[in-house]
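The structure appears right after this line, and notes come after that.
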Amino acid sequence: MKKILFVTHAAHYGGAELFLRDIVVHAKQTGRHWPVVFLDDGPLVQDLIDAGSDARTVKAGAQILRLKRGSSIRAVVSALIGIFAVVGALIRAFRGVDVVCANSQKSLFLAGLAARLARKPFVWILHDLVTDSSFSPTMRRALVFFANHMTSHVVTNSLAARDALIECGGRADSISVVYNGFDFAADVPAASDTDRGSVLQEAGLPDLPTVGLFGRIATWKGQHVLIEAVERVPGLQALVVGDATYQDSAYFDRIRALVEQKHLSDRVKFLGFRKDVRRLMAAVDIVAHTSIDPEPFGRVIVEGLALGRPVVATRGGGVGEIIDHGTTGLLYPPGDGVALAEALRSLLSDRAMAARLAADGRSTVTARFSIERSVQDLDRVFDGL
Ligand code: UDP
Ligand code: GLC
């Protein structure tokens, strides 16, 4: 069996990082040894160690970590200066490894250089749509250059992410799609934990129809669209779960103010970042997804469906690869609070239809997005190098 080493820059609870956590934990449980090197500290390092996996940090300098999708050439050049020490440490970490696999943009650059110098096959897992306007033209060109010239293979988290990379100049012949995989058996909360009453009570809400929105608080995740929709559906209340990173804290302030301004404080509750998302999802009537930019994949959609919730999500990106509109969930145009309100109203008024969508959604996602399948798909990529 080949020795694989994963490198990723962030050790916090984002979707891409949770993807990595889940495959590495499953790999461990099935006799594979997939160690991870993080380029920064964070809670995931200890989580993986606690799960019996091999995780450690090789710290990148601050100039490198400050590099953003929209960074100027100057910032990129200044970061280059801090690169040498990290690349040296990574080359040492690559000893005895057969394949290096980067799970983020920053690790693509750093581990890509180190893998080239250490002459190791190198795979990049891409979790974003490179066409996304948040990437500066310089960053987009750098990503495509590295994808085409520094990797042995690229993995994307959806067909949409693959097509976006190709549209920007990525080589079509060396890309595979590996979907996020979930350990559905382990992830389903025990019946005693799913008590809807206790969840609503904790949130300070009465036992009335409730929609849940789960994910990072960020402008492009579109939490404001749900607030607009809830205002239009009398009797509906909402749990908004997730936190903002520093750069999105102004948006969080704005949506809190929006709730006040619309006099919805007794119907819309913000719960902040939670580790018990599954328990909360199991307690709501509907799971909503509101991203106003195309979602590269959308773990929360799969999670909601796997828990047997009807899901209403925005059309675009990888979402259409999870939900078939009218069969396994409902789709609506991004940013359209009126259409979201209509979809929510239809799910609440036609419970039989909602239950049918939820049941079909559940059987579809549990068949298509298992953790076993994702790990096997990655194995196939590694074996082919
Ligand atoms: N999540 C979480 N706690 C929260 C909010 C979100 O654990 O308070 C998890 C959620 O269950 C999902 C992930 O964060 O697994 C978000 O992934 P997704 O692909 O939906 O979006 P991303 O943030 O990666 O763009
Ligand atoms: C990224 C994307 C999200 C995806 C996740 C896991 O964070 O924004 O859509 O589900 O990666 O692949």
Side-chain angles (χ1 to χ4, degrees), residues 8-10 12-23 25 42-44 47 69 102-107 124-132 134-135 154-162 164-165 177-184 186-189 199 203 212-223 239-245 247-248 252 269-282 284 287-307 309 311 313-314 316-323 334 365 369 371 374 377-378:
T8 200
H9 81 271
H12 58 236
Y13 300 113
E17 292 73 26
L18 293 172
F19 160 86
L20 183 63
R21 178 200 64 187
D22 293 350
I23 55 162
V25 167
L44 267 189
D47 284 3
R69 293 167 173 207
N103 190 56
S104 66
Q105 270 71 269
K106 281 169 200 158
S107 61
W124 174 36
I125 306 181
L126 167 61
H127 292 272
D128 289 292
L129 299 170
V130 180
T131 43
D132 181 339
S134 66
F135 286 103
V154 175
V155 166
T156 62
N157 63 350
S158 62
L159 292 166
R162 181 198 66 184
L165 180 62
V177 175
V178 175
Y179 286 119
N180 278 241
F182 300 80
D183 184 349
F184 296 111
D187 286 347
V188 173
V199 169
L213 177 57
F214 302 84
R216 256 178 306 141
I217 308 277
T219 311
W220 78 273
K221 288 288 187 182
Q223 279 88 0
L239 291 183
V240 181
V241 180
D243 211 346
T245 56
Q247 72 196 48
D248 287 306
F252 204 170
K269 300 289 179 187
F270 294 99
L271 302 191
F273 177 83
R274 298 284 295 243
K275 279 183 116 174
D276 57 348
V277 161
R278 311 290 151 85
R279 169 173 172 261
L280 303 173
M281 272 185 181
V284 297
V287 169
H289 165 267
T290 54
S291 296
I292 56 174
D293 287 342
E295 181 75 53
F297 177 71
R299 290 173 59 89
V300 288
I301 299 168
V302 176
E303 291 164 351
L305 290 172
L307 285 163
R309 304 296 90 191
V311 175
T314 57
V319 174
E321 295 162 54
I322 307 172
I323 288 187
V365 297
F369 302 111
I371 189 70
S374 300
D377 286 351
L378 280 174

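Ligands are counted one by one from 1 in listed order, and the atoms in each one are counted from 1 as well.
In this structure, the salt bridge (charged side-chain N to carboxylate O under 4.0 Å, His left out) partners of Asp276, at least two apart in sequence or on a different chain, are Arg274, Arg279.
Within the listing of ligand 1, atoms 10 (C), 12 (C), 20 (O) sit less than 4.0 angstrom from a heavy atom of Val300.
When Lys275, Arg216, Arg21 are each tested for a side-chain hydrogen bond (donor to acceptor under 3.5 Å, both in side chains) with Tyr13, only one passes: Lys275. When each of Val277, Leu239, Asp243 is tested with Leu271 by the rule side chain to side chain contact (heavy atoms under 4.5 Å, CB included), just one qualifies, namely Leu239.
Not a single N or O atom of Trp220, backbone or side chain, sits closer than 3.5 Å to an N or O atom of ligand 1. Where the criterion is an N or O separation shorter than 3.5 Å, residue side chain and backbone included, Arg274 meets it with respect to ligand 1. The shortest N/O to N/O separation between Val241 and ligand 1 does not fall below 3.5 Å. Some N or O of Gly15 is nearer than 3.5 Å to an N or O of ligand 1, by distance alone.
Using a 4.5 Å heavy-atom threshold, the side chains of Asp128 and Gln105 count as touching. Here the side chains of Glu295 and Leu129 are not in contact, with every heavy-atom distance at 4.5 Å or above. A heavy-atom distance below 4.5 Å is found between the side chains of Asn103 and His127. Between Ile125 and Leu378, the closest side-chain pair of non-hydrogen atoms falls below 4.5 Å.
Here the closest non-hydrogen pair linking Ala288 and Leu213 is O-CD1, 3.3 Å. Taking both residues in full, the closest heavy atoms of Asn180 and Phe369 are given as O-CB, 3.6 Å, listed atom of the first, atom of the second, then distance. Between Pro296 and Trp220, the closest heavy-atom pair is CD-CH2, 4.0 Å.
Of the heavy atoms in Leu18, only side-chain atoms (C-beta onward) come closer than 4.0 Å to ligand 1. Only the side chain of Arg216 comes within contact range of ligand 1, with a heavy atom under 4.0 Å; no backbone atom does.
The protein atom (non-hydrogen) at minimum distance from atom 19 (O) of ligand 1 is Arg299 N, 2.9 Å. When only non-hydrogen protein atoms are considered, atom 1 (N) of ligand 1 lies nearest to Val277 CG2, 3.9 Å. Remark: minimum distance from atom 5 (C) of ligand 1 to any protein heavy atom is reached at Gly215 N, 3.7 Å.
No heavy atom of Phe214 sits closer than 4.0 Å to any atom of ligand 1.
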- Message: Could you walk me through whether Gln223 and Phe270 satisfy the side-chain contact (heavy atoms from CB on, under 4.5 Å) test, starting with their C-alpha distance in whole Å, then the side-chain angles of each, then the deciding distance to 0.1 Å, before giving a yes or no?
- Response: CA-CA 11 Å; Gln223 279 88 0; Phe270 294 99; 5.7 Å; no
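Taking all heavy atoms of Glu303, Glu295, Lys221, Glu17 into account, the minimum distance to atom 12 (C) of ligand 1 is reached by Glu303.
A centroid separation of 6.0 Å or more is found between the aromatic rings of Phe297 and Phe19.
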Exercise answer, ligand 2 polar atom pairs (N/O) under 3.5 angstrom:
from	atom 1	to	atom 2	distance (Å)
ligand 2	9 (O)	Glu295	OE2	2.5
ligand 2	9 (O)	Phe297	N	3.0
ligand 2	9 (O)	Gly298	N	3.2
ligand 2	10 (O)	Gly298	N	2.8
ligand 2	10 (O)	Arg299	N	3.4
ligand 2	12 (O)	His127	ND1	2.7
ligand 2	12 (O)	Asn157	ND2	2.9
ligand 2	12 (O)	Asn180	ND2	2.8

